[in-house]
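Reckoned from all heavy atoms, side chains included, excluding hydrogens, waters and symmetry mates. Quick note: residue numbers are just sequence positions, from 1.
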Amino acid sequence: EALHPEELIADNGELHLHLLLDLKRGSDALSLIRRIVANNTRADHLAFYADMLSGRGFPPQALALLHPHAAEADSQPELLSALIRAQIAAGQADEALDHLKRLHEENALPPGLVEILADQALAHHDYDLAFSATANVRPNELTEWLQAALCNLALEQKRMPFIDRLIAG
């Protein structure tokens, strides 16, 4: 690795990365990822590696990877999604919810993040936000658990518009 790092990255980068993650060496994995993406910082690549770090138990490293690109996230749904998931995994759910809520209020929330917003709103007992976030989504397009949670809440709170949409399919 020390003699020919570019060859390691080109030939064995992914294998090396998985080994580092298996060995719980998150900081070393982040360093390797930064070298891998140094010449290609496409949003989908950054999101892929951030999700890999978060999914393998290294959300702080995922946030560190995404931090230099955070300003671009609102205009790049894949990057935004990875950032939000990393924030939630890192225990920064309040910040993630604030970010999603702001985008929702600006009518700029990417469709792929509606469920995460609704889930976080429910977790924070902001039921009006959960229903508002899903108002333009057909209930059968939501995951079953989110449908069930919203349906139960709608019945409890007698939110007929949601129930009517659920019945209509």
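- Residues Leu63 and Gln92 form a side-chain contact, since some pair of their non-hydrogen atoms from C-beta on lies under 4.5 Å apart.
- In plain terms, the two heavy atoms of Ser132 and His104 that are nearest each other are OG-NE2, 2.8 Å.
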Intermediate values then yes/no, side chain to side chain contact (heavy atoms under 4.5 Å, CB included), Leu21 and Leu53: CA-CA 8 Å; Leu21 292 170; Leu53 286 166; 3.9 Å; yes

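- Salt bridge absent: Asp94 and Lys101 never bring a charged side-chain N and a carboxylate O closer than 4.0 Å.
- For the atom pair Leu146 CG and Ile116 CD1, the distance stands at 11.0 Å (nearest 0.5 Å).
- For the pair Phe131 and Gln157, the tightest heavy-atom approach, listed with the atom from each and the gap, is CE1-OE1, 4.4 Å.
- A donor-acceptor distance shorter than 3.5 angstrom exists from the side chain of Ser75 to the backbone of Glu72, with no hydrogens or angles considered.
- In this structure, Ala154 and Phe162 approach most closely via the heavy-atom pair CB-CD2, 3.8 Å.
- By the criterion of side-chain heavy atoms lying less than 4.5 angstrom apart, applied directly or through intervening Ile, Leu, Val, Met, Phe, Trp or Tyr residues, Val114 is grouped together with Trp145 in one hydrophobic cluster.
- At distances below 3.5 Å, at least one donor-acceptor pair connects side-chain atoms of Glu115 with backbone N or O atoms of Thr143.
- For the atom pair Ile36 CD1 and Ser31 OG, the distance stands at 11.0 Å (nearest 0.5 Å).
- For the side chain to side chain contact (heavy atoms under 4.5 Å, CB included) criterion with Leu46, the lone passing option out of Leu83, Val37, Asp51 is Val37.
- The neighbour count for Asn136 CG, taken as heavy atoms of other residues, nucleotides or ligands under 6.0 Å away, does not exceed 12.
- No more than 12 heavy-atom neighbours from other residues, nucleotides or ligands sit within 6.0 angstrom of CG on Asn39.
- Across all non-hydrogen atoms, the minimal contact from Arg34 to Ala64 is NH2-O, 3.2 Å.
- Rounded to the nearest 0.5 angstrom, Leu153 CG and His125 NE2 are separated by 10.5 Å.
- Within a 6.0 Å radius of NE2 in His124, other residues, nucleotides and ligands contribute more than 12 heavy atoms.
- Taking 4.5 Å as the limit, every side-chain heavy atom of His99 sits out of range of all side-chain heavy atoms of Leu113.
- Residues Glu95 and Asp98 have side chains not in contact (no heavy-atom distance under 4.5 Å, counting atoms from C-beta outward).
- Ala62 and Ser54 make their closest contact through CB-OG, 3.3 Å (heavy atoms, listed as atom of the first residue, atom of the second, distance).
- Within the 3.5 Å criterion, the main-chain N or O of Ala135 finds a donor-acceptor partner in the side chain of Arg165.
- Shown here for Leu142 and Gln147, the closest heavy-atom pair between the two residues is O-NE2, 2.9 Å.
- Atoms CG and OH, from Leu150 and Tyr127 in turn, are 11.0 Å apart once rounded to the nearest 0.5 Å.
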Derivation and outcome, side chain to side chain contact (heavy atoms under 4.5 Å, CB included), residues Leu117 and Leu97: CA-CA 7 Å; Leu117 172 56; Leu97 178 60; 3.6 Å; yes

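- Atom CZ of Arg35 and atom CD1 of Ile33 lie 11.5 Å apart (nearest 0.5 Å).
- Within 6.0 Å of CD in Glu144 there are 12 or fewer heavy atoms belonging to other residues, nucleotides or ligands.
- Considering CD1 of Ile88 and CG of Leu100, their distance stands at 6.5 Å, rounded to 0.5 Å.
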Check against side chain to side chain contact (heavy atoms under 4.5 Å, CB included), Phe58 and Met52: CA-CA 8 Å; Phe58 301 102; Met52 181 184 293; over 6 Å; no

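- When the side chains of ILVMFWY residues are joined at heavy-atom separations under 4.5 Å, either directly or via intervening members, Leu23 and Leu17 end up in two distinct hydrophobic clusters.
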Stepwise side chain to side chain contact (heavy atoms under 4.5 Å, CB included) test for Arg159 and Asp128: CA-CA 10 Å; Arg159 294 182 184 248; Asp128 289 337; 2.6 Å; yes

